[in-house]
Enquirer: 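I have a structure I would like to understand better, so I am pasting it below and will then ask my questions one at a time.
All values derive from a computational prediction rather than experimental measurement. All residue numbers refer to positions in the sequence shown, counting from 1.
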Amino acid sequence: MSSSVKLLDPAFQGAGQKPGIEIWRIENFQAVPLPKSNYGEFYMGDSYIVLQTTPGKGGSNLYDIHFWIGKDTSQDEALTAAIKTVELDAVLGGRAVQHRELQGHESDKFLSYFKPCIIPLEGGIASGFKKPEEEEYEARLYVCRGKRVVKLKQVPFARSSLNHDDVFILDTRNKIYQFNGVNSNIQERAKALEVVQFLKEKYHDGTCSVAIVEDGELYTRSNSGEFWVLLGGFAPLNKKTTGEDDVIPKTTPTKLYSITDGEMKPVEGELSKGLLGNNKCYLLDCGAEVFVWVGRVTQVEVRKAASRVAEDFVTGENRAKTARITRVIQGYENNSFKSKFDSWPEGSTAPGGEEVKGKGKGKVAAFLKQQGVGAKGTIKSVQVVEEVPALLEDGGKMEVWYINDGAKLPLPEADFGKFYSGDCYIVLYSYHSGERKEDYFLCCWIGKDSIEEDQKTAYQLATKISNSYKGRPVQGRVFEGKEPPQFITLFQPMVVLKGGLSAGYKKSIADKGLTDETNKADRVALFRISGTSTHNNKVLQVDAVATSLNSAECFLLKSGSSIYLWHGNQSTRKQEQLAAKVAAFLEPGVALKRAREGKESNTFWLALGGKKSYTSEIESSETIRDPHLFTFSLNKKGKFEVEEVYNFSQDDLLTEDILILDTRAEVFVWVGQCVNVKEKENVFKIGQEYIDRASSLDGLSPKVPLYKVTEGNEPCFFTTFFSWDPNRATVYGNSYQKKLALLFGPSQVAELESMLPKQEKTTGNQGAPTQRASALAALTSAFNKSPSKSPPPEKTTANQGGPTQRASALAALTNAFKSATRKSSTLERSPSNQSGSTQRAAALAALAASFNPSAETKTSAPKPVRSNPGGSQRAAAIAALSAVLTAEKKKQSPDVSPSISTSGTPAVTSPPTADADSSEVNPSEADDSVGVAKTNKEDLSEANPSGADDSQEVAKTNKED
């Protein structure tokens with residue numbers, strides 16, 4: 001055993017005792033703890049080990065170990081990191097999930113530890129490196145990608161690095177610029193703002209300026225002009241190119257291999273949990289990710305060998321630079337691994353949520369104990385007390401309906417709290433939450449014996465109620481036996497009775513030949529009192545037999561005109577008080593007879609059919625909440641898939657998305673304000689898809705409560721799982737506008753609102769922003785010829801107007817472009833608002849005039865004898881600009897997305913005519929365009945004979961448009 005002691009690095013002693021992150025760097029093939037002040041700094045020439053410790057559900061800790069490989073690290077250091085990871089896992093009890101992280105291809109889980117991003121630094125321990133504060137500040141250009149976790153990559157400091165599809169950050173000594181490509185994702189822009197703020201605080205002490213530059217914005221704006229000067233001038237951008245770091249590994253059909261003596265052998269048959277033996281290691285190849293599954297009774301050396309096999313495998317498959325390697329231990333598999341199987345039958349579940357309960361763990365613990373190393377995170381017998389979530393404010397208004405014959409019938413207030421197992425109910429609770437307007441909790445309660453038709457009716461009618469309140473209510477679906485605390489608290493007490501009032505239920509049991517057990521005055525009924533607090537004091541009618549009793553609880557027995565309160569020897573005073581309250585609720589005015597366990601009367605036992613033995617065990621129904629946030633999608637085969645948002649926060653609730661919050665006690669489907677209307681209609685279907693999947697893979701109860709929560713109307717029992725800022729929920733706009741307002745104030749949003757493209761990555765509608773940006777670049781290039789190619793300016797007063805006139809033209813053009821992107825542009829179609837078309841025509845006229853000085857200027861300044869080669873370029877610029885401005889009107893066709901075409905003006909509904917194409921252009925704008933074309937033709941032919949042909953082409957284009 002002494003030889004085994006050397007396998008464990010003393011640097012890992014004490015690791016994993018507290019929740020949080022611990023980091024080691026590989027130095028001279030040893031793991032060296034990294035100072036906490038350096039957490040988040042990763043040098044490209046080094047390898048690191050990152051341990052994330054998370055509290056488990058049963059008093060134990062859960063572990064994720066990531067070893068990060070810099071792109072310039074040596075192969076020996078990378079291998080050392082992999083081996084040291086296995087050693088650290090052994091110290092932690094041999095059940096950590098291990099992740100291989102490659103620079104530029106890090107997993108979302110790893111990046112979530114270092115929000116908003118990590119910035120890899122050049123150098124390393126072997127080559128030497130300087131601390132950032134010791135370096136002379138150098139301007140850097142980054143491309144920023146990711147909606148929730150950011151992958152920041154430094155790119156060459158050149159205009160050629162930019163494109164129309166991404167968001168870029170230019171970090172200079174005194175100012176940070178964010179450049180938004182016209183086709184970039186709104187959510188990536190919002191996330192980039194967080195990175196800008198991070199850079200400002202970390203590297204500029206929070207003192208530098210911040211500027212936003214929109215792709216296509218004219219360089220005459222100060223921030224835009226500064227940005228383009230730093231990059232060598234304004235010019236057309238290149239198309240996005242795909243580099244090595246941009247390659248997304250393909251997802252291939254999963255293949256399972258067993259690993260024996262360092263050799264891989266294919267495992268035949270359909271993927272099932274039963275193929276995995278606890279004394280072996282396996283490799284599951286999924287293309288983009290490779291899993292190593294480790295049986296719980298395998299030795300440390302076998303596990304190390306399996307890790308080396310996985311490294312060799314991805315290298316041999318030419319995936320060494322992109323594929324992630326994740327190692328999981330039997331019984332502690334993560335959701336990502338389980339999802340590769342059609343189902344994952346539950347085994348014996350440990351308190352931490354794992355499936356094994358220490359089998360084989362004793363060997364590991366004994367092995368570690370002999371080496372003087374404690375096995376951290378071992379499973380303990382700890383009694384866990386449920387944390388009660390925030391409850392709804394009391395004092396609200398309650399309405400309750402039950403379903404009968406396809407309709408909802410109001411329940412008398414005196415019966416609020418009585419629920420029959422054969423019925424379905426709709427509950428609407430209106431209340432005030434803080435300073436907000438009235439809030440609503442709308443819930444369907446589904447009895448376990450209710451018929452399907454009544455259940456569907458309840459869902460449909462509840463949705464109608466929700467729609468009548470404009471979708472504001474928190475809408476829920478609760479099944480009998482799974483009532484959440486916030487529901488139970490509304491009813492003091494809540495009693496679940498046998499039978500039902502619904503005609504559908506009565507017909508159903510009659511058809512089946514069953515007895516109607518609906519509670520009646522002449523029947524014996526037994527009620528179990530469970531719980532002692534307002535959030536769990538539910539009363540349930542049980543079979544009226546002695547075996548239903550329990551020494552740890554109180555019961556009510558109703559027999560004829562008498563009602564008995566039976567309290568077991570282990571019951572509490574609070575349970576007795578609650579039982580008395582329930583008796584008054586069920587049988588008002590009836591005297592209560594008390595019967596203590598062991599002193600019951602014969603009449604009591606006779607009502608129960610005789611004295612029989614019963615249990616004294618305490619039933620625990622407490623649910624441990626373990627919240628996880630997910631996004632969802634459908635794969636090519638239509639299979640429902642989810643992706644976890646790790647270390648989530650309120651910032652991850654993006655207004656354009658639908659997300660799923662699973663707490664194990666309830667499931668919430670959160671709907672952003674900017675979500676498509678059709679997607680909003682499918683919220684409960686989405687939630688049910690998730691529950692079906694989680695039931696199969698994670699053992700989630702199929703009857704778990706399901707809620708629909710809309711942005712801005714989040715209840716307290718949802719926000720309790722976040723560090724919630726109510727002010728964030730009141731900020732309107734898309735994700736980018738919200739983040740802009742939160743970080744820089746509403747004034748910045750107002751300034752940039754007109755610059756934002758109204759369509760985001762929609763098919764068939766990306767041409768206009770890119771075309772506009774290209775036209776502006778061509779125009780700028782035409783206006784600003786290099787001095788070597790331009791004739792020397794004449795020092796005459798009459799010719800000083802050229803630059804000023806051009807600047808004025810650019811300003812007019814800017815306004816024209818702004819107005820074209822505003823939602824109010826659709827108003828130009830109405831006769832009362834022709835300013836948009838006139839403004840565009842005026843901009844074109846001003847542009848043409850700025851290219852060609854007036855007649856007075858021509859007489860006072862002699863013409864150059866040589867021809868002007870810039871005329872053709874200017875004509876081309878006008879032609880490009882004309883096409884862009886004309887295309888703006890054509891974009892108003894009915895096939896654009898609702899977010900673009902929506903306005904206060906009703907859509908035009910007149911039938912199309914034979915010359916519908918020619919009538920698309922506003923007549924007044926067509927006249928203006930002809931006038932501009934005429935001016936262009938005259939001025940250009942006079943200024944430049946060689947450009948005459950070009951001007952004729954421009955005139956022809958303008959006239960046609």
Side-chain angles (χ1 to χ4, degrees), residues 23 25-26 40-50 52 64-75 77-82 85 97-122 124 142-155 161 165-167 185 188 191-192 195 240-252 254 283-292 307 310-328 334 336-337 339-340 631 641 643-647:
I23 303 179
R25 180 167 56 205
I26 302 301
E41 295 179 0
F42 294 87
Y43 285 88
M44 302 179 189
D46 288 335
S47 296
Y48 297 79
I49 297 174
V50 178
Q52 168 71 11
D64 286 275
I65 307 175
H66 306 256
F67 58 102
W68 185 88
I69 310 299
K71 69 180 184 67
D72 298 328
T73 193
S74 68
Q75 186 174 357
E77 275 197 359
L79 183 59
T80 300
T85 295
V97 177
Q98 299 177 18
H99 312 261
R100 173 181 180 260
E101 307 285 354
L102 298 173
Q103 180 184 336
H105 296 277
E106 296 90 350
S107 66
D108 287 355
K109 187 165 194 174
F110 178 81
L111 293 174
S112 72
Y113 305 148
F114 308 99
K115 289 184 177 181
C117 65
I118 62 171
I119 304 178
L121 305 173
E122 294 184 357
Y142 302 97
V143 60
C144 188
R145 294 172 183 149
K147 293 166 53 176
R148 289 185 174 81
V149 291
V150 175
K151 293 186 178 179
L152 197 69
K153 176 187 175 185
Q154 186 174 350
V155 294
S161 296
D165 301 310
D166 288 320
V167 180
N185 185 283
E188 288 189 340
K191 208 65 184 175
V195 177
K240 181 178 179 179
T241 56
T242 302
E244 183 180 271
D245 291 341
D246 301 318
V247 175
I248 300 175
K250 294 182 179 179
T251 301
T252 60
T254 53
L283 185 145
L284 184 66
D285 179 21
C286 305
E289 187 169 15
V290 172
F291 291 92
V292 176
S307 296
E311 294 278 353
D312 294 340
F313 175 75
V314 295
T315 301
E317 294 286 320
N318 294 323
R319 285 184 262 162
K321 294 183 178 181
T322 57
R324 297 194 306 273
I325 299 177
T326 303
R327 198 217 69 168
V328 296
N334 57 15
S336 182
F337 179 82
S339 66
K340 308 304 177 184
T631 61
E641 294 182 341
E643 186 174 342
E644 184 166 359
V645 180
Y646 299 102
N647 297 303

Enquirer: Are the side chains of Arg25 and Tyr43 in contact, using a 4.5 Å heavy-atom criterion?
Expert: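 Result yes, sub-4.5 Å side-chain heavy-atom pair found.
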Enquirer: Would you say the side-chain atoms of Tyr113 and His66 include a donor-acceptor pair closer than 3.5 Å?
Expert: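 His66 and Tyr113 do have a side-chain donor-acceptor pair below 3.5 Å.
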Enquirer: Can you measure from OG1 (Thr73) to CD (Gln103) and round to the nearest 0.5 angstrom?
Expert: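 Between Thr73 OG1 and Gln103 CD, I get 10.0 Å after rounding to 0.5 Å.
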Enquirer: Check Ile49 against Ala81 and note the closest heavy-atom contact, atom names and distance.
Expert: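 Closest pair (atom of Ile49, atom of Ala81, distance): CD1-O, 3.8 Å.
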Enquirer: Looking only at non-hydrogen atoms, find the nearest pair between Leu102 and Ala323 and report the distance.
Expert: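 Heavy atoms only, the tightest pair is CD1-O, 3.8 Å.
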Enquirer: If you measure from CG on Asp72 to OG on Ser47, what distance do you get to the nearest 0.5 Å?
Expert: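 Going from the CG atom of Asp72 to the OG atom of Ser47 covers 10.5 Å.
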Enquirer: If you apply the rule side chain to side chain contact (heavy atoms under 4.5 Å, CB included), what do you find for Thr315 with Glu317, and how did you get there?
Expert: CA-CA 5 Å; Thr315 301; Glu317 294 286 320; over 6 Å; no
Enquirer: Kindly compute the distance separating OG (Ser307) from CG (Asp312), expressed to the nearest 0.5 Å.
Expert: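 Result: 11.0 Å between the selected atoms.
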Enquirer: Calculate, to the nearest 0.5 Å, the distance between atoms CG and CZ belonging to Asp285 and Phe313 respectively.
Expert: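 With rounding to 0.5 Å, CG (Asp285) is 4.0 Å from CZ (Phe313).
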Enquirer: Check the pair Phe42, Tyr48 against ring-ring contact (aromatic ring centres under 6.0 Å, His included), reporting the backbone distance first and the verdict last.
Expert: CA-CA 8 Å; Phe42 294 87; Tyr48 297 79; 5.0 Å; yes
Enquirer: Taking side chain as C-beta onward, heavy atoms only, is Ile118 less than 4.5 Å from Phe110?
Expert: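 When only atoms from C-beta onward are counted, Phe110 and Ile118 do touch, with a gap below 4.5 Å.
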Enquirer: I'd like to know if the side chain of Thr326 pairs up with that of Glu289 as donor and acceptor (distance under 3.5 Å, no hydrogens or angles considered).
Expert: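 There is such a pair (donor and acceptor under 3.5 Å, judged by atom type) between the side chains of Thr326 and Glu289.
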Enquirer: Do Phe291 and Asn334 touch side chain to side chain, with heavy atoms closer than 4.5 Å?
Expert: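 Side chain of Phe291 against side chain of Asn334, heavy atoms only: contact under 4.5 Å found.
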Enquirer: Is the shortest side-chain heavy-atom distance between Leu284 and Thr254 below 4.5 Å?
Expert: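 Answer yes - side chains close enough.
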Enquirer: Is the shortest side-chain heavy-atom distance between Glu101 and Ile69 below 4.5 Å?
Expert: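 Sidechains of Ile69 and Glu101: no contact.
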Enquirer: Between atom OG of Ser112 and atom CZ of Arg148, what is the distance when rounded to the nearest 0.5 Å?
Expert: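 Answer rounded to 0.5 Å: 12.5 Å.
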Enquirer: Grab the two heavy atoms, one from Val149 and one from Lys191, that are nearest each other, plus how far apart they are.
Expert: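 Shortest heavy-atom contact: N-CE, 4.5 Å.
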Enquirer: Do Arg100 and Phe67 come within less than 4.5 Å of each other through their side chains, counting heavy atoms only?
Expert: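 They are in side-chain contact.
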Enquirer: Between Leu283 and Val290, does a side chain to side chain contact (heavy atoms under 4.5 Å, CB included) hold up when you go through it step by step?
Expert: CA-CA 7 Å; Leu283 185 145; Val290 172; 3.7 Å; yes
Enquirer: Which distance, rounded to the nearest 0.5 Å, do you find between the SG of Cys144 and the CG of Asn185?
Expert: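 Interatomic distance, Cys144 SG to Asn185 CG, rounded to 0.5 Å: 11.0 Å.
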Enquirer: Mind jotting down which residue pairs meet the salt bridge (charged side-chain N to carboxylate O under 4.0 Å, His left out) criterion with at least one end in residues 107-119? Sequence neighbours excluded, please.
Expert: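 Residue pairs passing salt bridge (charged side-chain N to carboxylate O under 4.0 Å, His left out), neighbours aside: Asp64-Lys109, Lys115-Asp652.
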Enquirer: Is a donor from one side chain sitting under 3.5 angstrom from an acceptor on the other, for Glu641 and Ser339?
Expert: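 Checked: Glu641/Ser339 side chains show no N/O donor-acceptor pair below 3.5 Å.
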Enquirer: Does the side chain to side chain contact (heavy atoms under 4.5 Å, CB included) test come out yes or no for Lys151 and Cys117, once each step is laid out?
Expert: CA-CA 7 Å; Lys151 293 186 178 179; Cys117 65; over 6 Å; no
Enquirer: Salt bridge or not for Arg324 and Glu106, using N-O below 4.0 Å?
Expert: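 No, no charged N to carboxylate O under 4.0 Å.
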Enquirer: Would you indicate whether the side-chain heavy atoms of Ile65 and His99 approach each other to under 4.5 Å?
Expert: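 Not touching, per the 4.5 Å side-chain cut-off.
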Enquirer: Could you check whether any side-chain heavy atom of Val150 comes within less than 4.5 Å of a side-chain heavy atom of Leu111, counting everything from C-beta outward?
Expert: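 Side chain of Val150 against side chain of Leu111, heavy atoms only: no contact under 4.5 Å found.
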